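Step one of this worksheet: look at the structure below.
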Amino acid sequence: MKIASWNINGIKARIEAATTWIKAAAPDIACLQEIKCVDEAFPREMFEELGYNVAVHGQKGFNGVALLSKLPFDEVRPRLAGDPDDVQARYLEAEISVPSGALRLINIYLPNGNPFGTEKFVYKLAWMTRLKERVKTLLANEENLVVAGDFNVIPAPEDVYNPNVWMDDALFRPETRAHFQALLNLGLTDAFRACHDEPHRYTFWDYQAGAFQKNQGLRIDHLLLSPQAADRLQACEIDAAPRSWEKPSDHVPITAELAL
DNA sequence: ATGTCGATACTTTATCGA
């Protein structure tokens, strides 16, 4: 099964790019982030016509996540536990029956957290702590678990073109990386790093300053796997092509092939 | 040094968030 994650930066602005890529790549499951629309405005029928079941957790203007799956959802659960006052649409969890058993899927748009030293950074770290708690609970089930999405975390210096410039950025702060490492330490595998050890492989390039042309990017979109899912990992690839299309998202899709 | 894009609103330009 092919599982993809892609921050599309606005579904309304990305309808053509999204359908073109989904048709060509034909993932079994796609996790979309930053749909930037309410549930009712998501072009559900468009993806249903391509053979997908659709689950949406959106909000007006910002954030928002959606799941596309060729197999039906057994359960869909929006919102990350741990803070009932958190109204930002950044988390969508689903259970899907696969040939090898159950697949638990978490689709996240982790808070950006900039600028460092503000409430936004505090919210980011608190959100990461809440995510760790939820993952810890799910890992106890010893099932296939995939945590996919835009983590807004640069895990290591080799995942950014110029680490020195990013030292005080919320995506690369030591506190952020420590929280990400704590998540991995629960027993998750970074699928891309399990398949590739070359540095400077990116999933995001800023729109500004010709960042893509200069290959000044970041690796911030990740697929993290439970031990059971990691055992079934066959490949993980970043598809940078859509970044050079017309009207691109600033992120590109990352996909993993799992023998589920 | 600057450079972009998407969505929103007391809209047609400014603001926010990224």
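Just so it is clear, the model here is predicted, and its values are computed rather than measured. Note on naming: letters A, B, ... go to the chains in the order of the sequence lines (proteins, then strands), and numbering restarts at 1 for each one.
- Rounded to a whole Å, the CG atom of A/L110 is 14 Å from the C1' atom of B/dA18.
- Nucleotides B/dT2 and B/dG6 have their P atoms positioned 23 Å apart, rounded to a whole Å.
- At whole-Å resolution of the value, CD in A/Q88 and C1' in B/dA18 are 13 Å apart.
- Residue pairs satisfying the salt bridge (charged side-chain N to carboxylate O under 4.0 Å, His left out) criterion with at least one member in residues 186-201 of chain A, sequence neighbours excluded, are listed as follows: A/D159-A/R193, A/D190-A/R219, A/E198-A/R201.
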Donor-acceptor list for residues 137-144 of chain A side chains, cut-off 3.5 Å, not counting sequence neighbours:
from	atom 1	to	atom 2	distance (Å)
A/T137	OG1	A/E133	O	3.1
A/N144	ND2	A/A102	O	3.3

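- Nucleotides B/dA1 and B/dA7 have their P atoms positioned 32 Å apart, rounded to a whole Å.
- Under the 4.5 Å side-chain criterion, counting only non-hydrogen atoms from C-beta, A/L110 is in contact with A/W127.
- With respect to the salt-bridge test (charged N to carboxylate O, under 4.0 angstrom), the residues A/E257 and A/K2 do not qualify.
- Remark: A/E16 engages no residue in a salt bridge (charged side-chain N to carboxylate O under 4.0 Å, His left out) (not counting sequence neighbours).
- Through side-chain heavy atoms spaced under 4.5 Å, either directly or across other Ile, Leu, Val, Met, Phe, Trp or Tyr residues, A/V122 is tied to no other residue.
- The stretch residues 166-184 of chain A participates, sequence neighbours left out, in these salt bridge (charged side-chain N to carboxylate O under 4.0 Å, His left out) pairs: A/D168-A/R173, A/R173-A/E175.
- Within the 4.0 angstrom heavy-atom criterion, no nucleotide atom of any strand lies near A/R243.
- Of the two residues contacting DNA chain B, namely A/K120 and A/K214, the nearest-nucleotide position lying further toward the 5' end is that of A/K214.
- With rounding to whole Å, A/D169 atom CG is found 11 Å from B/dA18 atom C1'.
- Here the separation of B/dG3 from B/dA18, taken at their C1' atoms, is 16 Å to the nearest Å.
- Straight-line distance between the P atoms of B/dC10 and B/dC16: roughly 14 Å, to the nearest whole Å.
- A heavy atom closer than 4.0 Å to some atom of DNA chain B occurs in no member of residues 155-168 of chain A.
- For A/N63 and B/dC16, the CG to C1' distance is 12 Å, given to the nearest whole Å.
- To the nearest angstrom, P of B/dG17 lies 20 Å from CD of A/Q33.
- Taking a 4.5 Å side-chain heavy-atom cut-off between Ile, Leu, Val, Met, Phe, Trp and Tyr, the cluster of A/V87 contains only that residue.
- Applying the salt bridge (charged side-chain N to carboxylate O under 4.0 Å, His left out) test to every pair with at least one member in residues 236-251 of chain A, sequence neighbours left out, gives no pairs at all.
- A/Y109 comes within 4.0 angstrom of the backbone, heavy atoms only, and of no base.
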Contact letters for nucleotides 4-11 of chain B, in which S counts primed atoms plus P, OP1 and OP2 and B counts the base, heavy atoms under 4.0 Å:
BSSSSS--
